[in-house]
Amino acid sequence: WTYIFVFRGTPVYTQLVFWGLFTVIVPKIVVGVPFGPELWSFSTRDLLTAFWAAVIGLGLNEGAYLAEIIRSGLNSVDKGQTEASKALGMGNGTILRRIIVPQAMRVIVPPLGNETIGMLKTTSLVIAVPYAGELYGRATDISNALFQPVPLLLVAATWYLVITSVLMVGQHYLERYFGRG
């Protein structure tokens, strides 16, 4: 509950800035005896690159939303389904895999697809880390070099539109597959 509360309640940009500054906040991790010798230590800058800070920031944020989507999908299946399955002698794993999850997918897939598309567009905020390898960051770098921001923003918007269109088509087919009953 606390994880979901914190990551859904704070802005993504703030979370990305935090993970981008993590190596400044915690420059070194040390394992050893308190007030004694160090047994093992490493610099967080060696381990947490800008790419991994962005992945962690976006992953933790999206994980909170996805947990709620999956919880609501599983709760949408009537409890009578579980009772009937147990009456037939099915085990808990089989009930979940063959009865509950297929029915829950009809409720899970639409918001899951929307969150996936939303997360793709949220990658434009990764500039806060700073990680320049994503689409919006690269378009900004090129537009700054050419002194033409509008054409490069249109290029970035077009690429985001193409990628989200592919995801929307995939979502449509998943919804059709799981919505057939």
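When reading the values below, keep in mind they use all heavy atoms of this one structure, side chains included, and skip hydrogens, waters and symmetry mates. The shown structure was predicted, so the numbers you read here are calculated from the model rather than taken from an experiment.
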With [X], which residues qualify under side-chain contact (heavy atoms from CB on, under 4.5 Å), at least two apart?
X      : value
Val166 : none
Ser72  : none
Ser76  : Val107
Trp1   : Phe5

Min side-chain heavy-atom separation [X]-[Y] under 4.5 Å:
X      : Y      : result
Ser124 : Tyr160 : yes
Leu58  : Val12  : yes
Ile99  : Val77  : no
Ile117 : Gln171 : yes
Tyr177 : Val109 : no
Tyr65  : Glu68  : no

Going from [atom1] on [X] to [atom2] on [Y], what distance comes out if it is rounded to the nearest 0.5 angstrom?
X      : Y      : atom1 : atom2 : answer
Asn114 : Met168 : CG    : CE    : 9.5 Å
Thr44  : Leu47  : OG1   : CG    : 8.0 Å
Leu48  : Ser43  : CG    : OG    : 10.0 Å
Glu62  : Ile69  : CD    : CD1   : 8.0 Å
Leu112 : Ile70  : CG    : CD1   : 7.0 Å
Leu125 : Met119 : CG    : CE    : 12.5 Å

Is there a continuous path of hydrophobic side-chain contacts, each under 4.5 Å between heavy atoms, that joins [X] to [Y]?
X      : Y      : value
Val6   : Ile4   : yes
Leu153 : Ile142 : no
Val33  : Val31  : no
Leu174 : Leu74  : yes

Side-chain donor-acceptor contacts of residues 15-28 below 3.5 Å, not counting sequence neighbours, with atom names and distances?
unit_1 : atom_1 : unit_2 : atom_2 : d
Gln15  : OE1    : Asn61  : ND2    : 3.2
Gln15  : NE2    : Phe7   : O      : 3.1
Gln15  : NE2    : Thr10  : O      : 3.0
Gln15  : NE2    : Thr10  : OG1    : 2.8

Open item on the list: Enumerate the side-chain hydrogen bond (donor to acceptor under 3.5 Å, both in side chains) contacts for residues 80-98, please, sequence neighbours excluded, ordered by first and then second residue.
Closed with: Gln81-Gln103
Task: Heavy-atom closest pair, residues Ala139 and Ala156 - done: CB-CB, 3.8 Å
TODO: Could you pull out the closest heavy-atom pair between Ala54 and Val126, with the gap in Å?
DONE: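 For Ala54 and Val126, the tightest heavy-atom pair comes out as CB-CG1, 3.5 Å.
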